[in-house]
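Below is one structure, written out as structure tokens; the observations come after it.
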Amino acid sequence: MKPFIKPLLTACVVSTAGLSVMSAQVFNYDHSKPMFFNNIATVVGVESPGYGRGTAMVDLDNDGLLDLIVTTAGLEDRFYRQKPNHTFELMNTMWTMPPHQDESWGVIAADFDNDGDKDIYFSNGGFSGAEVNVLIRNDLSTLGKFTDISASSGACSLMVANFGGSALDYDNDGDLDLFLTSALSTGSVLPPCELYRNDGNMNFTSVGPLAGIIHQGDFRNCGVADYDNDGYMDIMVGSFDSSNILYHNNGDGTFSDQALAAGVQDPYRSFGATFEDFNNDGWPDLFIPKYEFQGGATSKVYINNQDGTFRDISDFANMSTQGDMGHNTGDVNADGYPDIFIGTGHPYWTRKDLVHMMFPVLNSDSMSAHQAAGFMGLNSVGPSRSHGYAFGDIDNDGDVDVYNNNGGPSQIPNSWGYNALYHSQGNTSNWMKMSLRGVVSNRDAIGARVRVETNNGREIWRYPAAGKGFCNTDSPILHFGLGNAVHTELTEIYWPSTLVQSYVNLDVKEQHDFVETGIIAVGAPVAGGQITVRVAGVAGGLADVFYSSTSAFIPDPVEHVVHRLGGTPILGRSAIIGAFGGVNIPFTIPASTPSGTSIFLQVRVTDLANLNGIRVKTNAVELTIL
């Protein structure tokens, strides 16, 4: 079968926003193959009718299968556990979920206490008026249930109409904080957004005003990413009544609005903002959905210029005009390029959802898009009021599936919606999946950046997130569609802690599970003196410290690691990594090392509980002898 509609789209002439001249768009379809979807929601038990908003696809009970959290405004939210036969059972009673019948508008599922399971935060209110949010701690591994800690957490204390939110570690202290967008609910007082600092043990402090989160407006949804790659996560907020806000993280606990300077302020009717690296250059781009037809405003796509600014390629990218509400981004055809999902979600009428399949433009870092929802079966439920989308490999077969949460205004019976679970039929593209577990960084690795180089010269970037699009949470297992690449060459993980891990020739069509592993050296490097090598890695692992007088970069396709020491490395000290994923190893610098020269350290970490797994070679540390 040929790639869909390719014969009609090999070249065309368009008006190119962001380019100075008319030019021929030549699209690159080399990696794109057809992908089709079937709606299996009724068959597996997750049609879940209601007034749907954001949704989440995460593994709640750590059994290796993705579960579903389905918000439904004004009714109890639903928690579905996936069974081994890939059908689902409703778990609200068995997991003792609190019977809230609140106006849930989004769901952030993240490990806020770094204990290895997903906790749940609901942003409430939206159009329906001010409400208190809900935070539920995951105690399944200890108590067999979830515990409502809303009242004690400090993150649910304000009566505000929150539309959405995202989890992020804005201060890089190793645990996840919360950013929430606020909407105008009643009266004329415009609220600011909210920022809650995680102080540990599920205790949060409201720090918005101190951090510069003071701008008032009628906000919708938001996205988080380090758009300027300075090591700190930034926040993009879609504004419905005024200019968008781009909160640049200043690195000192404060933020400043850089939307105008960055070129993404585009005032009015923004229904959110989603960071996504559409062109795979390692710099997050932006999708901003527009709600109404006022002025003919289209949905917006901005490409990151890598200098703190963005350029609008919406016309060039063939973006369309409609009443955007629900939205998210993800690569559903495994070609390596994230696609855009749009649900119109209009309270007064139903419409079919849209999917913009994104394609690169040859000899350019720009992207173009073509509507393909009908072709792929991704709007087969017909006209709906769509809001939530969550992406993930629900049946562990290597393909990205889509859960779609539908429904209109709360408590209006004729706006009741039925949900869809779009099961991917697969194609011949290669893929790789990756789960990340932070040790120094937050356990969910939110803020990490992952780059995969393929054998055919491509780079593919992915970024973990929780609270994306219409406040959805996608599967935390990163999916790398590889198109027609046969294998990967170099994979690099850039952790929020600044540690970097490298792997060579990882197998495709497999999931790889990685624990944050790396070293830093502490102390004065004096010949004959002693320093401390701080090692992060898998708990119970064996850490062997090697040193050499020369550095190197030697990819090892057999061990799948990069050797960063030249010559014949010498084994120094060894130690077992502790239960919390760290160990300090004393290292004595050889007394014969001349002053002014350098020695280099690298640690090999072996998971003693899984000797068949990939051994990890850490980053290298250079010690210049005093």
Side-chain angles (χ1 to χ4, degrees), residues 111 113-117 141 169 172-176 200-201 434-448 492-503 512-548 551 556 559-565 569-591 593 598-625:
D111 190 356
D113 51 1
N114 285 330
D115 67 348
D117 49 34
S141 63
D169 185 3
N172 286 347
D173 66 350
D175 51 27
L176 290 173
N201 297 319
M434 188 182 303
S435 71
L436 305 180
R437 191 176 84 199
V439 174
V440 183
S441 306
N442 66 86
R443 185 147 179 154
D444 282 352
I446 292 174
E492 291 187 315
I493 306 168
Y494 301 87
W495 296 91
S497 64
T498 73
L499 295 176
V500 179
Q501 281 171 246
S502 303
Y503 297 92
H512 303 280
D513 303 323
F514 294 131
V515 176
E516 182 178 15
T517 305
I519 60 173
I520 61 171
V522 179
V526 178
Q530 191 175 87
I531 64 164
T532 297
V533 180
R534 293 183 176 173
V535 183
V538 61
L542 174 64
D544 298 311
V545 181
F546 291 86
Y547 68 95
S548 173
S551 63
D556 184 337
E559 291 290 326
H560 301 288
V561 299
V562 174
H563 304 290
R564 298 182 182 273
L565 303 184
I570 301 170
L571 177 63
R573 296 284 299 272
S574 300
I576 298 296
I577 297 174
F580 294 100
V583 65
N584 292 333
I585 303 177
F587 176 78
T588 301
I589 297 172
T593 309
S598 294
I599 62 171
F600 301 86
L601 306 181
Q602 187 179 29
V603 171
R604 180 183 64 201
V605 175
T606 304
D607 185 355
L608 298 179
N610 182 20
L611 294 177
N612 293 323
I614 297 175
R615 290 177 173 81
V616 182
K617 285 289 188 76
T618 67
N619 56 298
V621 171
E622 179 179 2
L623 302 175
T624 302
I625 308 305

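Just so it is clear, the model here is predicted, and its values are computed rather than measured.
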(message) Between Phe514 and Ile493, is there a side-chain heavy-atom distance shorter than 4.5 Å?
(response) yes
(message) Using modelled atom types and a 3.5 Å cut-off, is there a donor and acceptor pairing between side-chain atoms of Asn619 and backbone atoms of Val621?
(response) no
(request) Would you sort out whether Asn442 and Asp175 count as a side-chain contact (heavy atoms from CB on, under 4.5 Å), showing the intermediate values? (result) CA-CA 5 Å; Asn442 66 86; Asp175 51 27; 5.5 Å; no
(request) Enumerate the residue pairs fulfilling salt bridge (Lys or Arg N to Asp or Glu O under 4.0 Å) with a member in residues 570-584, sequence neighbours excluded, ordered by first and then second residue. (result) none
(message) Suppose the criterion is side-chain hydrogen bond (donor to acceptor under 3.5 Å, both in side chains): which pairs have a residue in residues 515-527, not counting sequence neighbours?
(response) Ser441-Glu516, Ser497-Glu516
(request) Report the residues that fulfil side chain to side chain contact (heavy atoms under 4.5 Å, CB included) with Ala524, sequence neighbours left out, ordered by chain and then residue number. (result) Val526, Leu626
(request) May I ask you to decide if Gly174's main-chain N or O and Asn114's side chain share a donor-acceptor pair within less than 3.5 Å? (result) yes
(request) Would you check if Pro525 and Thr624 make a side-chain contact, meaning some heavy-atom pair closer than 4.5 Å? (result) no
(message) For Glu492, give me all partners under salt bridge (charged side-chain N to carboxylate O under 4.0 Å, His left out), at least two apart in sequence or on another chain.
(response) Arg451
(request) From the options Ser551, Ser548, Ser502, select the one residue that forms a side chain to side chain donor-acceptor pair (under 3.5 Å) with Arg564. (result) Ser502
(message) To check you understand the geometry: which heavy-atom pair defines the closest contact between Ile614 and His560, and what is its length?
(response) CG2-CB, 4.2 Å
(message) Taking the side chain as everything from C-beta on, heavy atoms only, tell me whether Ile577 gets closer than 4.5 Å to Val535.
(response) yes
(message) So which atom in Ala536 and which in Val439 form the shortest heavy-atom distance, rounded to 0.1 Å?
(response) CB-CG1, 4.1 Å
(message) Rounded to the nearest 0.5 Å, what separates atom CE in Met434 from atom CG in Leu436?
(response) 6.5 Å
(message) Nearest 0.5 Å, please: how far is CD1 in Ile520 from OG1 in Thr498?
(response) 8.0 Å
(message) Suppose we screen for side chain to side chain contact (heavy atoms under 4.5 Å, CB included). Which residues come up paired with Arg604, at least two apart in sequence or across chains?
(response) Asp544, Phe546, Thr606, Arg615, Lys617
(request) Kindly indicate whether the side chain of Ile576, heavy atoms from C-beta on, has any atom under 4.5 Å from the side chain of Leu608. (result) yes
(message) I need the minimum non-hydrogen distance between Val583 and Gly578, along with the two atoms involved.
(response) CB-N, 4.4 Å
(request) Using atom types as modelled and distance alone, determine if a side-chain donor or acceptor of Asp444 lies under 3.5 Å from a backbone N or O of Ile446. (result) no
(request) Please lay out, stage by stage, how Val605 and Leu542 fare under the test side-chain contact (heavy atoms from CB on, under 4.5 Å). (result) CA-CA 5 Å; Val605 175; Leu542 174 64; over 6 Å; no
(message) I need the Ile599 CD1 to Leu623 CG distance, nearest 0.5 Å.
(response) 5.0 Å
(message) For Tyr503 and Val616: C-alpha separation, side-chain torsions, deciding distance, then whether side-chain contact (heavy atoms from CB on, under 4.5 Å) applies.
(response) CA-CA 8 Å; Tyr503 297 92; Val616 182; 3.7 Å; yes
(message) For Thr618 and Gln602: C-alpha separation, side-chain torsions, deciding distance, then whether side-chain hydrogen bond (donor to acceptor under 3.5 Å, both in side chains) applies.
(response) CA-CA 6 Å; Thr618 67; Gln602 187 179 29; 5.0 Å; no
(message) So Gln530 and Ile589, do their side chains get closer than 4.5 Å, heavy atoms only?
(response) no
(request) Flag the pair Thr593 / Ile625 as yes when at least one side-chain heavy-atom distance between them is below 4.5 Å, and no otherwise. (result) yes
(request) Measure the shortest side-chain to side-chain distance between Arg534 and Val522 over non-hydrogen atoms and say whether it is less than 4.5 angstrom. (result) yes
(message) Quick check: closest heavy atoms across Ala591 and Ala527, and the distance to 0.1 Å?
(response) O-CB, 3.7 Å
(message) Taking ring pair (Phe, Tyr, Trp, His ring centres under 6.0 Å) as the definition, give me every residue that meets it alongside Tyr547, ordered by chain and number, with sequence neighbours left out.
(response) Phe587
(request) Determine whether Asp117 and Ser141 make a side-chain contact, defined as any pair of heavy atoms from C-beta on separated by less than 4.5 Å. (result) yes
(request) Starting at CG of Asn584, measure out to CD1 of Ile531 and round the result to the nearest 0.5 Å. (result) 11.0 Å
(message) Whether the side chain of Asp111 engages the backbone of Asp115 through a donor-acceptor N/O pair (distance < 3.5 Å, no angle test) should be reported.
(response) yes
(message) Give me the atom names and distance for the closest heavy-atom approach of Leu176 to Asp169.
(response) CD2-N, 4.0 Å
(message) Can you confirm whether the side chains of Asp513 and Ser435 place a donor and an acceptor under 3.5 Å from each other?
(response) yes
